[in-house]
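Take a look at the structure set out below.
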There are 2 protein chains.
Amino acid sequence: MTRPAEADEPASEAAAQSVGYALSQLGFETSRRFADLEATVALEPREFALLRAVAERQGQSQQAVAEHLRIPTSTMVAVVDGLEEQGLIERRLHASDRRTRTLHLTSKGSKILAKAVSLAWGFEREVCAGFDESERSRLLGLLGRVADNIGLDLDALPDRGSGRRRPHA
Amino acid sequence: MTRPAEADEPASEAAAQSVGYALSQLGFETSRRFADLEATVALEPREFALLRAVAERQGQSQQAVAEHLRIPTSTMVAVVDGLEEQGLIERRLHASDRRTRTLHLTSKGSKILAKAVSLAWGFEREVCAGFDESERSRLLGLLGRVADNIGLDLDALPDRGSGRRRPHA
DNA sequence: TATTGTTATACTCTATAACTATA
DNA sequence: TATAGTTATAGAGTATAACAATA
């Protein structure tokens, strides 16, 4: 970036011209929209994430999935409870270790997950409406460079620090 | 975008190739980094926003600023209390209406704001490291189109719904 | 003694609504 | 009666740590 770096540049003009601000706003809004969309199939984002994690390799222990998702086990219990009540996953006893519970997708859970994934792709199409393939990959490339700049691994699972974060403004 | 839209595309591969996911992750992370950075001058993001709003036109009523920032007046009180305790702004009595308090930046507040703005620009340079001017404006242009696609006005102040939002994953 | 999962609890953040003092 | 600001309160969400069963 070549933009001037005067410290006393009018703060009010910074917003529209700032990549950081734009990313913050877009991230907040896309998360919100995505959550609203998944609510259509009665899933919260983290429930969606959990379903995907379980689908990826069924029979994982509850703790293994919790670590994968980087949520504390106490939270994990509540999320699993909810999904089990909805009949989307089920806890089973581990073959040899009776302390651990393995997680499995039910057929209903599998159907809901398929719908949820479909919704997610629909959202992606909405986000990228009017982009041809080269534009979309260019955008992904630029975003990847930004991620590198701030040391974020886009392929990794989110590292939710100690909680909530608001868009800066 | 021209990407195929199969509903049952492997969810695990979606992440890295998805603009929505990338935006969500980047937005979360940039917000976090920005907050950490502003903490350097003992400011939270919304305190920074409040300082900017007051600086933009001093003497506004507390309520006017609250509406501008879209935060409930009860929250506003707490934020103003904090900034006043730090000596960055001060409440004054309105000339003619003794119910309202007008907000003013102190000289200390002005200095801190200048530092905070400088930090924000430094962060922007970090985010856009290695980008030449045309790349940066291309990125801003693409992000602007995404914002249009989802009906987000990047020039407007954030509309924080009923609270926290996590990156979808 | 260590580990899996569970429960209890305490904390932060936010918003709603009651309250006061003015108008 | 309406409005600016304040205070009180209740809810959601989270994490920490005590706990029970098993290894």
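Quick caveat: nothing in here was measured; it's all calculated off a predicted structure. What you see below is based on every heavy atom in this structure, not just the backbone, and it leaves out hydrogens, waters and symmetry mates.
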Can you find a side chain N or O atom of [X] that sits less than 4.0 Å from OP1 or OP2 on [N]?
X	N	result
A/Gln63	C/dG5	yes
B/Arg91	D/dA4	no
B/Arg101	C/dA21	no

Given atom [atom1] of [X] and atom [atom2] of [N], what is their separation to the nearest angstrom?
X	N	atom1	atom2	value
B/Arg46	C/dT12	CZ	C1'	11 Å
B/Met76	D/dA4	CE	P	13 Å
B/Gln62	D/dT6	CD	C1'	9 Å
B/Glu44	C/dC13	CD	C1'	11 Å
B/Glu67	D/dG5	CD	C1'	13 Å
B/Glu84	D/dG5	CD	P	13 Å
B/Glu47	C/dC13	CD	P	11 Å
B/Asp81	D/dT6	CG	P	7 Å

Query raised in the report: Take atom CZ in B/Arg57; do more than 12 heavy atoms of anything else shown fall under 6.0 Å from it?
Result: no

Report summary line: For B/Glu44, the side chain to side chain contact (heavy atoms under 4.5 Å, CB included) test, sequence neighbours excluded, returns B/Arg46, B/Glu47

Query - Distance in Å, B/Leu51 CG paired with B/Leu113 CG, rounded so as to fall on 0.5 Å steps - result: 5.0 Å

Report summary line: In this structure, CG of B/Leu50 is separated from NE2 of B/His68 (nearest 0.5 Å) by 10.0 Å

Requested in this report: Assess A/Arg32 against A/Phe34: is NZ or CZ under 6.0 Å from the centre of the six-membered ring, and within 45 degrees of the ring's axis?
Outcome: no

Requested in this report: Could you tell me whether B/Arg125 sits above the aromatic face of B/Phe123, with NZ or CZ closer than 6.0 angstrom to the six-membered ring centre and within 45 degrees of the axis?
Outcome: no

Report summary line: Contacts of A/Arg138 meeting side chain to side chain donor-acceptor pair (under 3.5 Å) (sequence neighbours excluded), chain-then-number -> none

Heteroatom pairs (N/O) under 3.5 angstrom, protein to nucleotides 16-22 of chain D:
residue	atom	partner	partner atom	Å
D/dT16	O4	A/Ser74	OG	2.8

